[in-house]
Number of protein chains: 2
Amino acid sequence: MRDVARLAGVGIKTVSRVINGEPNVSPGTTERVRRAAADLLYEPDLHAGNLRRADGRSRTLGLLVSSVANPFAAQVHRAIERVAIEYGYAVLAASLEDDPAAELRAVTALARRRVDGFIVTPVRDDQSYLRVHVDRGTPLVCVDRAPRGIETDCVVTANVDGARDAVRHLLSFGHRRIAFLGDLDRIETARLRREGYVTELAAAGIDVDPALVVLGLHDDATATAVARRLLTLPDPPTAIFSSQNLITIGTIRALQQLGLEHKVALVGFDDVETGDLMKPAITAVAQDPDRIGRLAAERLFAHLDGDTSPARQVVVPTRLIVRGSGEIPAPGGAAH
Amino acid sequence: MRDVARLAGVGIKTVSRVINGEPNVSPGTTERVRRAAADLLYEPDLHAGNLRRADGRSRTLGLLVSSVANPFAAQVHRAIERVAIEYGYAVLAASLEDDPAAELRAVTALARRRVDGFIVTPVRDDQSYLRVHVDRGTPLVCVDRAPRGIETDCVVTANVDGARDAVRHLLSFGHRRIAFLGDLDRIETARLRREGYVTELAAAGIDVDPALVVLGLHDDATATAVARRLLTLPDPPTAIFSSQNLITIGTIRALQQLGLEHKVALVGFDDVETGDLMKPAITAVAQDPDRIGRLAAERLFAHLDGDTSPARQVVVPTRLIVRGSGEIPAPGGAAH
DNA sequence: CTGAAAGCGCTAACAA
DNA sequence: TTGTTAGCGCTTTCAG
């Protein structure tokens with residue numbers, strides 16, 4: 001910057017003014033400074049400026065997700081990035097892979113890089129440790145899962161309602177024996193979807209058969225094995241509600257292996273891309289990652305802009321996509 | 001930091017030493033400083049330190065990809081992140097959406113944040129503008145596409161060979177009329193895959209029928225329309241090579257709509273997730289995003305560690321996944 | 001083993 | 001409209 005000032009024949013502060021578009025610089029001077037900066041390929045150091053700048057903003061925000069490679073998280077990420085760019089922000093993203101220790105490490109790493117705000121998918125039992133950062137003026141918005149131990153804005157999918165929709169849909173095709181294949185129960189979304197399943201069955205006056213409920217699934221291979229076991233039970237389910245993408249894929253594989261894909265109904269939570277290309281096409285409860293990401297980012301920037309309204313939870317509705325696999329009627333069961 | 005020093009009853013430099021794990025601090029002092037830092041919830045400011053630190057490293061690297069939401073790019077991203085974490089690095093990612101202007105904007109945004117290195121998927125015709133950064137000591141590695149106008153390390157998929165494999169596979173099932181559905185020709189990977197298609201046909205003594213080659217496809221809806229048109233030609237192709245994920249999906253849809261999915265062979269470049277669940281299951285030339293990302297990151301850190309070996313291009317081989325759609329023989333054609 | 005002083009690149013506050 | 005001085009939080013250098 002000093003070099004630019006020297007080359008332009010001005011003081012260093014004038015360069016600063018031009019760089020930051022501050023007023024009270026004559027057009028001629030502005031032009032000379034610009035030219036000098038271009039000649040020297042000068043690139044201002046944002047972080048150096050922040051050290052002294054009144055707002056001290058790094059114009060960078062931190063995002064913690066399950067994995068940047070997870071399609072749902074990646075779409076949320078993209079939506080956040082779109083909003084961030086509008087505000088001149090860059091995004092530092094970190095993958096947690098559902099590891100509580102990783103959550104802590106990532107927050108520290110981002111805090112040391114002085115991100116202006118956090119968007120976090122909670123993994124730990126307790127997010128109260130984040131209060132320090134919020135109190136210091138680094139706002140926090142949670143996505144996909146509600147935080148615990150701290151009151152903060154949060155944007156989540158309508159997990160319970162979505163699951164109820166799925167189960168109600170299956171019930172309407174006469175199913176009474178509906179299996180539930182769920183993820184690790186310590187994951188909030190998994191718990192809520194199971195809750196929706198139980199609630200909707202109860203509302204229909206059906207007792208949950210524990211033999212048809214399997215939790216703790218986390219990958220498609222295990223899901224396939226479990227689905228195969230359920231489907232070869234003496235009294236098998238006539239329909240399956242799979243509560244997560246990989247589980248749905250594993251279940252489809254099991255159905256195909258047993259030649260049951262046109263006999264046993266299936267509704268998955270979280271849409272399977274290319275689900276419309278399978279036979280039968282997959283009926284699914286689709287989430288709206290784009291909207292979730294956008295809303296989360298907007299809440300974050302609202303806080304950065306000084307909004308101090310109380311914490312609120314935004315619930316983004318799901319959409320049932322009817323494509324075939326969920327409309328297979330129960331054998332001998334009541335019609336639609 | 002001053003507060004921590006005061007609370008611990010030591011000088012500010014001693015705090016710095018403890019924080020950075022420098023030697024020559026007595027265990028007792030170290031402990032007092034640690035405790036004071038914990039009490040005050042002190043979090044060192046990485047950027048402030050870099051201002052004076054000899055290596056001036058922000059321990060942050062910049063990644064430019066087509067889109068963080070693109071499954072291929074997201075997997076590359078995750079692989080890079082894994083290596084980055086080993087080195088104590090965080091990743092600033094930006095989506096370019098194949099927009100040349102976005103490439104420039106993103107590089108500037110990251111340069112101002114003083115990333116220590118760039119991993120870039122080139123979009124523009126020319127990357128020579130990046131030489132400034134390289135000369136200043138910010139290494140650059142390109143992924144997925146080769147850079148132009150600058151010599152730098154680069155990790156890419158074996159596009160030509162992969163395409164040749166696909167076409168050779170189809171030829172071996174007696175096909176002579178093989179259609180090519182390609183992306184925008186200005187995208188390097190699209191061009192190379194077409195080149196592989198042309199080369200392999202030529203090697204088999206077959207002239208390319210221009211009516212069977214369609215370029216400029218970028219989404220599945222257009223691909224569906226184009227595939228339908230080709231398949232309803234008076235003299236339609238007996239096999240299709242689709243050169244990109246979305247195009248493959250669009251082509252499958254067209255085949256299904258026309259009831260031709262078991263009649264016309266299909267091989268796609270870039271594996272379709274859940275391709276094994278379709279009927280027929282989709283034969284594909286799979287890329288290896290994990291390896292690509294890992295290798296790119298390793299090259300970058302090698303440079304950061306002082307490696308000054310000349311620029312080299314690393315080509316990551318593809319793998320043909322045989323699943324069914326690619327093994328449909330040509331009608332009346334020679335057998336396998 | 002420890003601390004004081006200088007300065008990294010920049011902006012705030014003020015003076016000219 | 002412009003420049004000067006101080007200082008952001010930290011590390012370097014060097015003296016104890």
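All values below come from the heavy atoms of this structure, side chains included, with hydrogens, waters and symmetry mates left out. Chain A is the first sequence line, chain B the second, and so forth, proteins listed ahead of strands; every chain is numbered from 1.
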Between [X] and [Y], is any side-chain donor less than 3.5 angstrom from a side-chain acceptor?
{"X": "A:S309", "Y": "A:D307", "result": "yes"}
{"X": "A:S58", "Y": "A:D116", "result": "yes"}
{"X": "B:R145", "Y": "B:T189", "result": "no"}
{"X": "B:E103", "Y": "B:Y129", "result": "yes"}

May I ask you to verify if any side-chain N or O of B:S16 is less than 4.0 angstrom from the OP1 or OP2 atom of D:dT11?
yes

Just to confirm, is there a sub-4.0 Å distance from OP1 or OP2 of C:dT2 to any side-chain nitrogen or oxygen of B:T29?
yes

Nearest heavy atom decides the nucleotide; on that basis, is A:K13 or B:I12 closer to the 5' end of DNA chain C?
B:I12

Residue pair B:V10/A:N20 against DNA chain C: nearer the 5' end by closest nucleotide is B:V10

Looking at every heavy atom in both A:R17 and A:P23, which two are closest together, and how far apart are they?
CD-O, 3.9 Å

Judged by each residue's nearest nucleotide on DNA chain D, which is more toward the 5′ side, B:R17 or A:T14?
A:T14

Return the value, rounded to whole Å, for the distance between atom [atom1] of [X] and atom [atom2] of [N].
{"X": "A:N24", "N": "C:dA12", "atom1": "CG", "atom2": "C1'", "value": "15 Å"}
{"X": "A:D3", "N": "C:dC8", "atom1": "CG", "atom2": "C1'", "value": "14 Å"}
{"X": "B:E22", "N": "D:dT13", "atom1": "CD", "atom2": "P", "value": "11 Å"}
{"X": "A:R6", "N": "C:dG9", "atom1": "CZ", "atom2": "C1'", "value": "14 Å"}
{"X": "B:R114", "N": "D:dC10", "atom1": "CZ", "atom2": "C1'", "value": "17 Å"}
{"X": "B:M1", "N": "C:dT2", "atom1": "CE", "atom2": "P", "value": "14 Å"}
{"X": "B:R32", "N": "C:dT2", "atom1": "CZ", "atom2": "C1'", "value": "11 Å"}
{"X": "B:I19", "N": "D:dT12", "atom1": "CD1", "atom2": "P", "value": "14 Å"}

Side chain to side chain contact (heavy atoms under 4.5 Å, CB included) assessment of B:N50 paired with B:R114
CA-CA 10 Å; B:N50 288 343; B:R114 294 296 188 261; over 6 Å; no

Quick check on contacts: within residues 42-59 of chain B, what sits under 4.0 Å from DNA chain C by heavy-atom distance?
B:L51, B:R52

Can you tell if the side chain of B:V316 reaches within under 4.5 Å of the side chain of B:L295, non-hydrogen atoms only?
yes

For the residue pair B:F301 and B:Y89, does the interplanar ring angle fall in the parallel (under 30°), tilted (30 to 60°) or perpendicular (over 60°) class?
perpendicular

Would you sort out whether B:E151 and B:V134 count as a side chain to side chain contact (heavy atoms under 4.5 Å, CB included), showing the intermediate values?
CA-CA 10 Å; B:E151 295 245 318; B:V134 175; over 6 Å; no

Between the two end axes of the helix from C:dC1-D:dG16 to C:dA16-D:dT1, each built from 5 base pairs, what angle do you get to the nearest 10°?
30°

